[in-house]
Amino acid sequence: QVQLVESGGGLVQAGGSLRLSCAASGRTFSNYGMAWFRQAPGKEREFVARISWSGGTIYAGSVKGRFTISRDNTKNTVYLQMNSLRPEDTAVYYCAAPYFDGVPPDYWGQGTQVTVSS
């Protein structure tokens with residue numbers, strides 16, 4: 001049973017920070033890319049960031065310079081450090097794996113809510 005479990009979401013004020021975690025179980029993803037997506041109410045799910053098996057990163061333009069994706073392969077976990085949060089960052093955040101650029105992931109987490117107040 002492969003599971004991705006996100007944690008770390010919550011309510012923060014604009015300008016604040018949160019760190020999201022996604023712990024995978026049932027399969028090791030150390031040799032694969034992992035990614036974060038988000039979906040705001042009434043909007044399409046959008047790509048946020050991805051990290052390759054070797055640590056290379058790509059970010060959506062809207063979060064570049066504010067968010068940092070990282071991973072700890074010993075824990076089979078991917079993180080998303082979110083700084084300088086804005087109200088428009090409010091969304092449900094999902095992790096996904098394995099991630100190949102342009103290919104729908106096989107597995108998704110349940111999502112964690114991030115709400116940024118102004």
Summary of ring pair (Phe, Tyr, Trp, His ring centres under 6.0 Å) pairs that have at least one residue in residues 51-75, sequence neighbours excluded: none
Residue pairs, two or more places apart or on separate chains, that pass ring pair (Phe, Tyr, Trp, His ring centres under 6.0 Å) and touch residues 18-41: Phe37-Phe47, Phe37-Tyr99, Phe37-Trp108
For [X], side-chain hydrogen bond (donor to acceptor under 3.5 Å, both in side chains) partners two or more places apart:
X      : result
Ser84  : none
Thr28  : none
Ser25  : none
Thr115 : Gln113

Strictly by disulfide bond (SG atoms under 2.5 Å apart), give each pair with a member in [range] just once, sequence neighbours left out.
range           : value
residues 24-86  : none
residues 29-86  : none
residues 20-106 : Cys22-Cys95

Under 3.5 Å: donor-acceptor pair, side chain of Asp72, backbone of Thr77: no
Side chain to side chain donor-acceptor pair (under 3.5 Å): pairs with one or both residues in residues 4-18, sequence neighbours excluded: Glu6-Gln110, Ser17-Asn83
Where at least one partner belongs to residues 41-50, residue pairs that pass side chain to side chain donor-acceptor pair (under 3.5 Å), sequence neighbours excluded: Arg38-Glu46, Arg50-Asp101
Arg19: salt bridge (charged side-chain N to carboxylate O under 4.0 Å, His left out) partners, not counting sequence neighbours: none
